[in-house]
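As structure tokens, the structure follows; a few thoughts come after it.
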Amino acid sequence: MTSTPPARRGTRPRLRVRRAAAALTALLAGAATASLAGAPAQAAGAPDRARVPMHQCWVNDVAAPPGDTVSGTNGDDHIFCDSDLENVTVSGAGGNDMIEVRGLVIDSAIMGGEGDDVIRAKHLVPQKASSMVRGNRGNDVIKVATVSGDGAERGAVVHGDDGNDK
């Protein structure tokens with residue numbers, strides 16, 4: 001039976017170490033330049049909609065991908081967002097859903113969908129568009145802590161819609 005001897009220290013070519021160090025230096029230099037520049041560059045006159053909305057949301061304990069929508073299923077869902085929503089629509093779809101948003105709801109919509117839904121939102125903050133919460137069909141419970149700024153004048157909307165809502 002033959003065995004391969006263990007690799008000895010110092011037998012790796014130093015070229016890899018130098019390349020790795022150079023790559024790390026370039027990466028750190030790029031990160032420093034980006035952080036000094038502030039926000040990512042955007043083309044002149046490009047609309048705000050060009051950026052991808054970022055949020056931390058989960059649907060039934062599965063992370064929702066970043067984008068302009070967070071959608072539940074036709075069954076009972078628990079949708080939880082632990083960050084601000086800006087230009088995002090959260091939809092429970094069908095079923096009896098629990099939707100919780102702990103951050104600001106900035107120019108965004110939270111829609112319960114069909115079913116008896118419970119929706120909790122902390123702060124509606126309309127800026128350029130409406131910030132709204134709608135229960136849609138069903139006997140819904142909606143709780144909104146605050147409406148920031150001019151509220152109704154700027155487009156803060158809370159509707160229970162069809163059903164016996166609270």
Side-chain angles (χ1 to χ4, degrees), residues 23-24 27-28 30-35 37-166:
L24 180 60
L27 179 66
L28 292 174
T33 303
S35 65
Q42 191 172 7
D48 290 339
R49 291 174 280 147
R51 70 172 187 73
V52 176
M54 300 301 290
H55 48 71
Q56 293 178 331
C57 296
W58 294 264
V59 178
N60 301 324
D61 296 323
V62 175
D68 58 1
T69 60
V70 175
S71 299
T73 67
N74 285 325
D76 298 348
D77 298 309
H78 180 222
I79 300 174
F80 176 72
C81 297
D82 196 24
S83 64
D84 295 347
L85 300 177
E86 186 170 357
N87 299 313
V88 175
T89 299
V90 176
S91 174
N96 301 324
D97 305 312
M98 164 67 86
I99 302 173
E100 299 176 83
V101 178
R102 290 197 176 167
L104 303 175
V105 180
I106 304 168
D107 302 337
S108 297
I110 303 171
M111 315 292 275
E114 302 281 328
D116 300 338
D117 305 310
V118 175
I119 301 172
R120 294 182 187 150
K122 290 248 179 183
H123 312 286
L124 297 184
V125 185
Q127 290 180 350
K128 298 177 185 172
S130 177
S131 292
M132 75 169 71
V133 176
R134 296 191 78 119
N136 300 118
R137 291 190 174 164
N139 301 323
D140 306 309
V141 176
I142 300 172
K143 182 177 180 180
V144 175
T146 64
V147 175
S148 177
D150 298 330
E153 291 176 18
R154 298 200 54 134
V157 179
V158 178
H159 285 287
D161 295 318
D162 296 338
N164 185 14
D165 305 311
K166 296 180 184 179

Any side-chain heavy-atom pair of [X] and [Y] under 4.5 Å:
| X | Y | value |
| --- | --- | --- |
| His78 | Trp58 | no |
| Val105 | Val133 | no |
| Lys143 | Val141 | no |

inquiry  = Under 3.5 Å, is there a donor on one side chain and an acceptor on the other for His123 and Thr146?
reply    =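 There is such a pair between these side chains.
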request  = Apply the side chain to side chain contact (heavy atoms under 4.5 Å, CB included) test between Leu85 and each candidate in Val101, Asp68, Leu104; give the one that qualifies.
outcome  =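 It is Val101; the other options fail the test.
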Nearest 0.5 Å, please: how far is [atom2] in [Y] from [atom1] in [X]?
| X | Y | atom1 | atom2 | value |
| --- | --- | --- | --- | --- |
| Asp117 | Met98 | CG | CE | 10.0 Å |
| Asp84 | Arg102 | CG | CZ | 13.5 Å |
| His159 | Asp140 | NE2 | CG | 13.0 Å |
| Glu100 | Arg120 | CD | CZ | 5.5 Å |

Does any N or O in the side chain of [X] come within less than 3.5 Å of the main-chain N or O of [Y], such that one atom is a donor and the other an acceptor?
| X | Y | result |
| --- | --- | --- |
| Asp162 | Arg137 | no |
| Ser108 | Ser131 | no |
| Thr69 | Ser71 | no |
| Asp116 | Asn139 | yes |

Heavy-atom pair of closest approach, residues [X] and [Y]:
| X | Y | answer |
| --- | --- | --- |
| Pro126 | Ala156 | CG-N, 3.9 Å |
| Met111 | Asn136 | CB-OD1, 3.6 Å |
| Asp77 | Gly94 | OD2-O, 4.3 Å |
| Ala64 | His55 | O-CE1, 4.1 Å |
| Ile99 | Ile110 | CG2-CG2, 3.7 Å |
| Asn74 | Ala93 | OD1-CB, 4.1 Å |

ask   = Salt-bridged, Asp107 to Lys128, with N to O below 4.0 Å?
value = no
message = Using side-chain contact (heavy atoms from CB on, under 4.5 Å), reason through Val70 and Val59 one step at a time and then give a plain yes or no.
response = CA-CA 8 Å; Val70 175; Val59 178; 3.8 Å; yes
